[in-house]
Amino acid sequence: MADFEEEMVVTPWKVAGKIDYEKLIKQFGVEPLTDELLRRLEKFTGRLHLQLRRKIFFSHRDLDWILTLYERGEKFVLYTGRGPSGPVHIGHIVPWIFTKHLQEAFDAKLYFQMTDDEKFLIHDDFTLQKAVSLTYDNALDVVAVGFNPEKTRIISDVRHIESLYHLALRVSRHITYSTIKAVFGIGESDNIGLSFFPAVQAAPAFLESVLAGKPVPCLIPAAIDQDPYWRVTRDVAPKIGFYKPAQIHSRFLPGLGKGGKMSASQPETCIFLTDPPEVAEKKVMNAFTGGRPTAEEQRKLGGLPEICPVHQYLFFLFEEDDEKMRRLWEDCKGGRILCWECKEILAAKVKKFLAEHQRKRSKAEKTVKKYFLSKAITPFKA
Ligand code: TYM
């Protein structure tokens, strides 16, 4: 299990240890999301989204630039994605919920990439059929989040490669193997597919530019683990005649255990969107907390909400009301509330959320096809 004592590691394939976001800003060379920038965003979005008010999205690259272009009338496209390796958990939808908000606020088109190729290359036991069928399964969760069907295109790398390959080739010509080794830690014994894959994840950032026949700005909301892809993509973009894609990065929703981000490899500390609500309730009730060993000590010393995943879940997703959130923190610190009480508050909200999500998910079975890319985007004449 990832623990607070473990060294911090943040890559697209591994996140471990206690995450120091200030340090990541410096290490990755990204910009903090300042209050000034938030005020600029607010002009377009109305009251700031919960994930901005609480700095869950905490850093960016070129967000200021993309807003300046928008102010001048140049619209941007959104791009985000999923590596379908199993069922979707509630950590994954943190950036999706925010992306939906941006889609509405800016009336933006969205490309949503399903990297079934990446998952096939990583998991020795995956067949291509399995990877692709997970794309279609996970797409139901994407649709259930509520993206605009007219303005959203889901892309399966395996099924829709015709639209991406011409871009991936152009990108790949400007990336050396030594860059890929240094940025992604790919080694001599890794398969060669993984070395090419970053060019495939770069490609959707430029799709709208191909369609429009001119550079179109692109904004990528994702958690900070995906950043290595964007570093490489941004280096190449001007060399092939496109804008560098901008990013906005979120923190990680932790698992329900002690430390570490939510990870499907520890299912008991992970709430899947397909978990029956009662199963999720049990997981919440068994969660690690920032509580003291006894109720008496908790009343005397207060709890530690800063290390408590139950508190984090309310903060990230489930308690909209900032005043209630502040009171919960203070009541915990002051020993006026016990862990089982917070767990009950969270469990009720999670159950309600899952029931609603699963209702929308079953409805999505009828509409999901509409969201997939249906016509290839290529620069070639037929
Ligand atoms: P994947 O499937 O690992 O993750 C999907 C999205 O969820 C974010 N994420 C989290 N956010 C908050 N808390 C967590 N615990 C958590 N775990 C994961 C990821 O940052 C991601 O945004 N290679 C990608 C798929 C992809 C992609 C993209 C993602 C292709 N193009 C463009 C973002 C943007 C992947 O395997 O994501």
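Both counts, for ligands and for their atoms, begin at 1 and track the order of listing.
Inter-residue side-chain proximity for Val310 and Cys339 is flagged as unmet; no heavy-atom pair is nearer than 4.5 Å. Between Phe106 and Thr45 there is a side-chain heavy-atom pair separated by less than 4.5 Å. Proximity of Phe353 to Leu273: side-chain heavy atoms (C-beta onward) are separated by under 4.5 Å at one or more points. The side-chain heavy atoms of Pro198 and Ile180, taken from C-beta on, include a pair separated by under 4.5 Å.
Residues Leu338 make up the rest of the hydrophobic cluster containing Trp340, defined by ILVMFWY side-chain heavy atoms closer than 4.5 Å, directly or through other members.
At a 3.5 angstrom cut-off on N or O pairs, Phe252 does not count as close to ligand 1. Residue Trp230 places no N or O, backbone or side chain, under 3.5 Å from any N or O of ligand 1.
Here Phe197 has no heavy atoms under 4.0 Å from ligand 1, in either its backbone or its side chain. With a 4.0 Å cut-off on non-hydrogen atoms, Val15 does not touch ligand 1 at all.
In the vicinity of Glu118, heavy-atom distances shorter than 4.0 Å reach the ligand 1 atoms 23 (N), 24 (C), 36 (O). Short contacts between ligand 1 and Arg251, defined as distances under 4.0 Å to a heavy atom of the residue, involve ligand atoms 12 (C).
For atom 37 (O) of ligand 1, the nearest non-hydrogen atom of the protein is Gly83 N, 3.5 Å.
Applying the salt bridge (Lys or Arg N to Asp or Glu O under 4.0 Å) test to residues at least two apart or on different chains, the pairs with a partner in residues 109-135 are Lys109-Glu208.
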